[in-house]
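Take a look at the structure set out below.
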Amino acid sequence: MQYISQYNSLLGKIVLASEENYLTGLWFENQKYFGSTLGEEYIKKDDLKIFEIVKKWLDNYFAGKNPSIDELKIKPSGTNFRKIVWQLLCYIPYGEVITYKELSQKVAKILNIKSMSSQAIGGAVGHNPISIIIPCHRVVGTNKKLVGYAGGLDKKIKLLELEGNNIYNLK
């Protein structure tokens, strides 16, 4: 059975999804691919332990702290290729960024192939079902150009600023 809960963040409502004791989704309300891993049937249930843990993690994150994802049980649903990309996203240090090209080189090395399309990487990053925790907002374009974020570029900028990366401050 799948369950959902809501979290009110500085950047708007966030919907959390779980199966048993695992977080399976975290989306900003109305973001691109919202609820992509949710089945048709789910129950709103705020008192699950996993939601309590994730909401505390989010409280710490939005307070400008760097909470560890090691304390969270996450289970993103996707192809093996996407799971490889999402795993690599988890290694991008808090407050830092990596380009799609750099990420594609890391994936190519793991897959033992000569090269990997940055567009394929972009598709996997864009379909990340557990935003923020799997930090897809830390991936940028060539020359560190700010591009793409399923939750919107304004949220991407705010998340990076929250982490102390003010290179994208457009004020």
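The figures here come from the full heavy-atom set of this structure, side chains too, leaving out hydrogens, waters and symmetry mates.
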- line: Between Y94 and K65, the two heavy atoms sitting closest are OH-O, 3.1 Å

task: Enter the distance from K13:NZ to N30:CG here, rounded to the nearest 0.5 Å.
output: 10.0 Å

task: Would you please name every residue forming a ring pair (Phe, Tyr, Trp, His ring centres under 6.0 Å) with Y42, sequence neighbours left out?
output: none

- request: Could you pull out the closest heavy-atom pair between W86 and A124, with the gap in Å?
  value: NE1-O, 2.8 Å

field: L111 vs M116 side-chain heavy atoms within contact, under 4.5 Å
entry: yes

field: Side-chain (K156) to main-chain (V139) donor-acceptor, under 3.5 angstrom
entry: yes

field: L160 CG to L146 CG distance, which is reported to the nearest 0.5 Å
entry: 7.0 Å

query: Is the side chain of Q2 donor-acceptor paired with the backbone N or O of E20 at a distance under 3.5 Å, no angle test?
result: no

- prompt: Do you reckon W27 sits in the same ILVMFWY cluster as Y33, going by side-chain contacts under 4.5 Å, direct or chained?
  reply: no

query: Y149 and C136: which non-hydrogen atoms are nearest, and at how many Å?
result: CE1-SG, 3.7 Å

- request: Report yes if the side chains of M1 and Y3 come closer than 4.5 Å at any heavy-atom pair, otherwise no.
  value: yes

task: Decide side-chain contact (heavy atoms from CB on, under 4.5 Å) for F81 and V107; before the verdict, give the C-alpha distance in whole Å, the side-chain angles of both, and the deciding distance to 0.1 Å.
output: CA-CA 9 Å; F81 170 73; V107 172; 3.8 Å; yes

- line: Minimal heavy-atom distance between L38 and A17, with the atoms involved, is CD2-CB, 3.8 Å

query: Under the side chain to side chain donor-acceptor pair (under 3.5 Å) test, which residues partner K55, sequence neighbours left out?
result: S5

- prompt: Should I110 and L88 count as side-chain neighbours, where that means a heavy-atom distance under 4.5 Å?
  reply: yes

query: Do the non-hydrogen side-chain atoms of L159 and Y61 ever get within less than 4.5 Å of each other?
result: yes

- prompt: Is the backbone of T99 close enough, under 3.5 Å, to the side chain of E102 for a donor and an acceptor to pair up by distance?
  reply: yes

message: Tell me whether N21 contacts the main-chain N or O of K73 through its side chain, where contact means a donor paired with an acceptor under 3.5 Å.
response: no

- prompt: Should the heavy atoms of other residues, nucleotides or ligands under 6.0 Å from CD of E41 be counted, would the total exceed 12?
  reply: no

field: Non-hydrogen side-chain atoms of I43 and I4 separated by less than 4.5 Å
entry: no

message: Looking at every non-hydrogen atom in both residues, tell me the closest pair between I132 and H137 and how far apart they are.
response: O-CE1, 3.8 Å

Backbone of S68 reached by a side-chain donor or acceptor of W57 within 3.5 Å: yes

query: So how far is it from I74 CD1 to C90 SG, rounded to the nearest 0.5 Å?
result: 5.0 Å

- prompt: K44: what forms a side chain to side chain donor-acceptor pair (under 3.5 Å) with it, not counting sequence neighbours?
  reply: D46

- prompt: Can you name the ring pair (Phe, Tyr, Trp, His ring centres under 6.0 Å) partners of F28, sequence neighbours left out?
  reply: none

query: Is L26 close to V15 at the side-chain level, that is, under 4.5 Å between some pair of heavy atoms?
result: no

message: Taking the side chain as everything from C-beta on, heavy atoms only, tell me whether F62 gets closer than 4.5 Å to L162.
response: yes

task: Sequence neighbours left out, what passes side chain to side chain donor-acceptor pair (under 3.5 Å) with R82? Give chain and number order.
output: none

- request: Given side-chain contact (heavy atoms from CB on, under 4.5 Å), test L48 with F51 step by step and report yes or no.
  value: CA-CA 5 Å; L48 292 178; F51 290 150; 3.7 Å; yes

- request: Grab the two heavy atoms, one from G78 and one from K83, that are nearest each other, plus how far apart they are.
  value: O-CE, 3.2 Å

- prompt: Any side-chain heavy-atom pair from L72 and Y22 closer than 4.5 angstrom?
  reply: no

- request: Any salt bridge (charged side-chain N to carboxylate O under 4.0 Å, His left out) involving residues 110-138? Give me the pairs, sequence neighbours left out, ordered by first then second residue.
  value: R138-E163

query: What's the verdict on side chain to side chain donor-acceptor pair (under 3.5 Å) for D59 and Y7, showing C-alpha distance, side-chain angles and the deciding distance?
result: CA-CA 10 Å; D59 285 344; Y7 177 84; 2.7 Å; yes

